[in-house]
Chemist: 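Quick one: the structure is below, and I'll ask about it shortly.
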There are 2 protein chains.
Amino acid sequence: MKFESATIKDIALKLNLSKSTVSRALRDSYEISNETKKLVLEYAKKINYRPNPIALSLKERRSHTIGIVVPEFSNNFFSQAINGMESIAYSKGYNVIITQSHESYDREVINVEHMAYRSVDGLLISVSVETDNFDHLKKLHDRRLPIVFFDRIVEEIDTYKVVCDNFKGAYDATSHLIKKGFKNIAHIASAEHLFITQKRLEGYRKALEDHNIPIQPELIKHCVHGGKISSEVEEAISSLLSLKKKPDAILSGGDRITTEMLPFLKKFNALKNKIAYMGFSNSDLTDLFTPSLSVIRQPAFEIGQAAMEQLIKIIESKRPILDFTTQTFESSIIIKESTKK
Amino acid sequence: MKFESATIKDIALKLNLSKSTVSRALRDSYEISNETKKLVLEYAKKINYRPNPIALSLKERRSHTIGIVVPEFSNNFFSQAINGMESIAYSKGYNVIITQSHESYDREVINVEHMAYRSVDGLLISVSVETDNFDHLKKLHDRRLPIVFFDRIVEEIDTYKVVCDNFKGAYDATSHLIKKGFKNIAHIASAEHLFITQKRLEGYRKALEDHNIPIQPELIKHCVHGGKISSEVEEAISSLLSLKKKPDAILSGGDRITTEMLPFLKKFNALKNKIAYMGFSNSDLTDLFTPSLSVIRQPAFEIGQAAMEQLIKIIESKRPILDFTTQTFESSIIIKESTKK
DNA sequence: GCTTTAAATGACATCGATTGCGTAAATAAA
DNA sequence: TTTATTTACGCAATCGATGTCATTTAAAGC
């Protein structure tokens with residue numbers, strides 16, 4: 001079952017012209033007489049001629065298409081970021097194609113290569129939680145495929161990056177908890193090797209330090225799959241709750257972890273209401289929970305927009321860009337009931 | 001800024017062979033001597049040669065890539081369906097590219113055409129809420145681009161379709177409400193022209209009829225944007241609540257409407273706890289709401305899998321398929337607190 | 001030693017579109 | 001009328017890979 005479509009050759013044959021003439025007529029070249037142009041244009045319209053973008057990509061070595069790779073659509077941060085990216089891309093005449101890595105390194109490599117070799121003009125990516133080897137991206141970067149990182153950025157590749165101030169987000173959230181009077185604040189973080197995990201962890205630590213609260217390593221848990229596997233979150237929580245000195249508040253280090261931990265904490269608190277919690281989350285439903293959830297919210301849409309703008313800047317730049325910058329957005333702390341004393 | 005990559009020509013030049021020989025050596029043709037093969041393979045590996053898929057698409061007129069168009073990623077039904085589609089596609093050696101229509105007809109047309117002309121081998125689509133003209137799809141279907149519809153299907157195009165039993169889902173939900181003792185059951189439905197809206201509405205009506213409850217037209221509201229615009233949901237609800245004879249239960253006809261109506265109803269019920277509600281929803285968070293939400297849940301992942309399987313069947317079929325079928329899945333009613341009497 | 005035959009490789013067209021260059025015919029200038 | 005200049009178009013190469021159809025080479029057969 002194949003999909004057939006009219007070509008320049010069809011027009012040329014029908015009108016007894018050469019392919020070149022038809023091509024030029026369609027592109028309104030000054031070399032072609034008005035009558036010929038009219039003939040060509042009319043017939044092209046009649047048979048609904050559309051230039052074959054595959055052929056154009058092959059010839060021009062660009063596709064006006066931008067590839068986006070995110071871990072998961074179901075994470076609201078990413079779907080919002082994608083919406084921001086699309087809004088800019090469309091306004092500048094680019095199409096986007098989007099894939100999910102499902103937090104899998106292997107899938108990410110396949111998706112990235114598929115896109116690169118399918119001639120995307122550039123790549124926007126937030127790496128999977130499993131990714132701690134960046135050769136697949138370095139290789140493309142070395143070959144000068146324009147790449148912009150957002151959110152889960154890769155430090156060691158020199159290009160534009162767009163992030164949230166993860167340090168500050170975690171710092172502010174932790175400070176909020178401290179000010180509310182919580183003393184034993186636990187942190188369920190994502191995979192250790194991720195740059196944003198480190199930054200958030202730093203923010204958490206620094207807030208404790210600044211308020212003269214000792215850091216207790218047993219209160220820091222990592223979810224190697226970023227919360228994608230429910231059981232790892234359950235384990236983190238149950239091990240926290242089985243400590244002699246239980247935490248009185250929990251800070252979650254990622255969207256997925258936040259939503260995964262809620263049922264466990266809700267169940268626990270239904271029995272003995274004791275633990276406050278908050279986390280990074282861009283869900284639109286956090287107000288509907290009981291208690292309503294205090295969150296660190298990132299301007300995902302704006303981050304997406306900024307990343308796409310930077311990428312198009314690279315793509316359309318005539319000369320190699322040398323002074324890449326990292327754009328940082330502020331997250332906002334939204335206080336609700338889940339962190340009430 | 002361009003992305004350069006090794007070609008067959010590079011290998012041929014370096015090894016002093018012709019392009020054809022190199023091509024055949026790479027594809028392990030019997031015509032090529034082992035030494036030559038070894039030489040070519042080694043050098044290809046050394047310079048990290050990868051065949052250019054654009055060139056291949058041009059030549060072979062297929063891309064091993066499947067296009068998916070959904071209204072919105074943030075709707076869990078769709079992100080789950082996409083996951084199902086990906087699982088099948090990857091296992092059969094296809095890649096997928098995904099776009100959102102954002103419930104916009106214009107965007108849908110652009111996305112569909114972009115994909116078709118970029119040589120996707122087939123298309124999986126659930127149409128936008130705005131789409132009531134299907135020419136863009138008919139055109140491609142007539143040109144024999146394999147298309148499979150899922151969820152929001154297009155009746156008038158003859159191909160495989162995969163849906164949920166929307167009639168039964170709404171019928172069962174309404175029956176549940178009736179059995180719980182509710183008498184004035186309102187229905188907030190999506191855009192009227194959508195086939196699934198009609199089916200769900202029919203199910204709602206039939207359940208009332210079968211239980212000898214008169215249908216009150218003022219209890220049926222339509223959201224022309226499918227709940228994408230918060231205000232339309234608010235208006236539907238406030239007009240329901242301002243009726244002399246207020247509804248005692250509300251059935252929502254779509255994921256987006258369900259989540260959008262929750263804050264309004266929650267606020268209302270906080271004042272005077274009176275209205276029960278449930279709706280179609282594939283959200284994973286419905287247990288966290290207070291009251292926990294009774295839902296009609298669709299097997300989105302399985303629907304996605306089935307749709308992808310059908311599509312690949314069309315793509316790989318040697319002869320045109322004439323007897324297209326519509327596959328129907330059962331949804332499940334999950335009863336929680338929001339429909340307690 | 002000459003012919004047959006198989007093995008190994010190259011030349012070239014193809015997919016669809018663009019583009020530099022060449023050229024015939026028409027027009028203008030000398 | 002002759003030469004110069006437009007005008008309007010066609011030829012052919014190109015992009016990367018495949019595949020058909022030669023062609024070369026060498027070994028085998030008589």
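These figures come from a predicted structure and were not determined experimentally.
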Chemist: Name all residues meeting the side chain to side chain donor-acceptor pair (under 3.5 Å) criterion together with B:Q327; count only those two or more places apart in sequence or in a different chain, and write none if there are none.
Modeler: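 Once residues adjacent in sequence are excluded, the partners of B:Q327 under the side chain to side chain donor-acceptor pair (under 3.5 Å) criterion are B:Q310.
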Chemist: Salt bridge (charged side-chain N to carboxylate O under 4.0 Å, His left out): which pairs involve residues 80-103 of chain B, sequence neighbours left out?
Modeler: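 Qualifying pairs: B:E103-B:R152.
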Chemist: To the nearest Å, give me how far apart CG (B:N34) and P (C:dA7) are.
Modeler: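 Nearest whole value for this atom pair: 13 Å.
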Chemist: Scan residues 15-31 of chain B against DNA chain C and write down, sorted by residue number, each residue with any heavy atom closer than 4.0 Å; if none is found, say none.
Modeler: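 Per residue number, the list reads B:N16, B:L17, B:S18, B:S20, B:T21, B:R24, B:E31.
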Chemist: Using OP1 and OP2 only, check whether a side-chain N or O of A:R50 sits under 4.0 Å from C:dG16.
Modeler: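 Result: no.
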Chemist: State whether a side-chain donor-acceptor pair under 3.5 Å links A:N111 with A:Q100.
Modeler: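 No, because no side-chain N or O of A:N111 sits under 3.5 Å from a partner of the opposite role on A:Q100.
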Chemist: Between the side chains of B:H136 and B:E113, does any donor sit under 3.5 Å from an acceptor?
Modeler: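 Looking only at side-chain atoms, B:E113 and B:H136 do not form any donor-acceptor pair under 3.5 Å.
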Chemist: Side-chain donor-acceptor pair under 3.5 Å between B:T131 and B:S128, yes or no?
Modeler: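 Note: B:T131 and B:S128 side chains meet the donor-acceptor criterion.
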Chemist: Answer yes or no: does a side-chain N or O of A:R61 lie under 4.0 Å from OP1 or OP2 of D:dT14?
Modeler: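 Negative; the distance criterion is not met.
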Chemist: Quickly work out the B:L13 CG to D:dA17 P distance and round it to whole Å.
Modeler: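 Distance check: B:L13 CG to D:dA17 P gives 13 Å.
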Chemist: If I take atom CD1 in residue A:I8 and atom C1' in nucleotide D:dT14, what distance separates them, rounded to the nearest angstrom?
Modeler: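 Rounded to whole Å, this separation is 15 Å.
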Chemist: Between the protein and nucleotides 25-28 of chain C, list every N/O to N/O distance that falls short of 3.5 Å.
Modeler:
none

Chemist: Hey, can you pull the donor-acceptor pairs under 3.5 Å for the side chains in residues 24-32 of chain A, sequence neighbours left out?
Modeler:
| from | atom 1 | to | atom 2 | distance (Å) |
| --- | --- | --- | --- | --- |
| A:D28 | OD1 | A:K37 | NZ | 3.1 |
| A:S29 | OG | A:E31 | N | 3.0 |

Chemist: Between D:dT6 atom C1' and A:I32 atom CD1, what is the distance in whole Å?
Modeler: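 In whole Å, D:dT6 C1' and A:I32 CD1 are 14 Å from each other.
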Chemist: Output a table of donor-acceptor pairs, distance under 3.5 Å, between side-chain atoms of residues 38-45 of chain B and any protein atom two or more places apart or on a different chain; print 'none' if there are none.
Modeler:
none

Chemist: Ignoring hydrogens and geometry beyond distance, is a side-chain donor-acceptor pair present between B:T36 and B:S33 at under 3.5 Å?
Modeler: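 A pair is found: one side chain offers a donor N or O, the other an acceptor, under 3.5 Å apart.
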Chemist: Output all residues satisfying ring pair (Phe, Tyr, Trp, His ring centres under 6.0 Å) with B:Y160, sequence neighbours left out; order by chain, then residue number.
Modeler: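 Per chain and number, B:Y160 pairs via ring pair (Phe, Tyr, Trp, His ring centres under 6.0 Å) with B:F324.
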Chemist: Answer yes if the side chains of B:S104 and B:S101 hold a donor-acceptor pair under 3.5 Å, and no otherwise.
Modeler: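 Judged by distance alone, the side chains do not pair up.
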Chemist: Among all residues two or more places apart in sequence or in another chain, which pass the side-chain contact (heavy atoms from CB on, under 4.5 Å) test with A:D132?
Modeler: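 A:D132: side-chain contact (heavy atoms from CB on, under 4.5 Å) contacts with A:H193.
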Chemist: Which residues, if any, of residues 51-58 of chain B bring a heavy atom under 4.0 Å of DNA chain C?
Modeler: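 Contacting residues: B:L58.
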Chemist: Taking five pairs at each end, how big is the angle between the two axes of the helix from C:dG1-D:dC30 to C:dA30-D:dT1, to 10°?
Modeler: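 Axis-to-axis angle, ends of the helix: 70°.
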Chemist: For B:D10, check side-chain contact (heavy atoms from CB on, under 4.5 Å) against everything at least two apart and list the hits.
Modeler: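 B:D10 satisfies side-chain contact (heavy atoms from CB on, under 4.5 Å) with B:A6, B:T7 once adjacent residues are dropped.
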Chemist: Are any side-chain N or O atoms of B:T65 and backbone N or O atoms of B:S63, one a donor and one an acceptor, separated by less than 3.5 Å?
Modeler: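 Such a contact is found between B:T65 side chain and B:S63 backbone.
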Chemist: Just how far, in rounded Å, is P of C:dG16 from CD1 of A:I11?
Modeler: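 My rounded result for the distance is 12 Å.
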Chemist: Quick one: B:K59 NZ to D:dA17 C1', roughly how many Å, whole number?
Modeler: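 Those two atoms, NZ and C1', are 7 Å apart.
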Chemist: Which residues pass the side-chain contact (heavy atoms from CB on, under 4.5 Å) test with B:I157, not counting sequence neighbours?
Modeler: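 Counting only residues at least two positions away or on another chain, B:I157 forms a side-chain contact (heavy atoms from CB on, under 4.5 Å) with B:F134, B:L137, B:K138, B:H141, B:F149, B:V154, B:T159.
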Chemist: Within less than 4.0 Å of OP1 or OP2 of D:dC15, is there a side-chain N or O belonging to B:K9?
Modeler: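 Yes, because at least one side-chain N or O of B:K9 sits under 4.0 Å from OP1 or OP2 of D:dC15.
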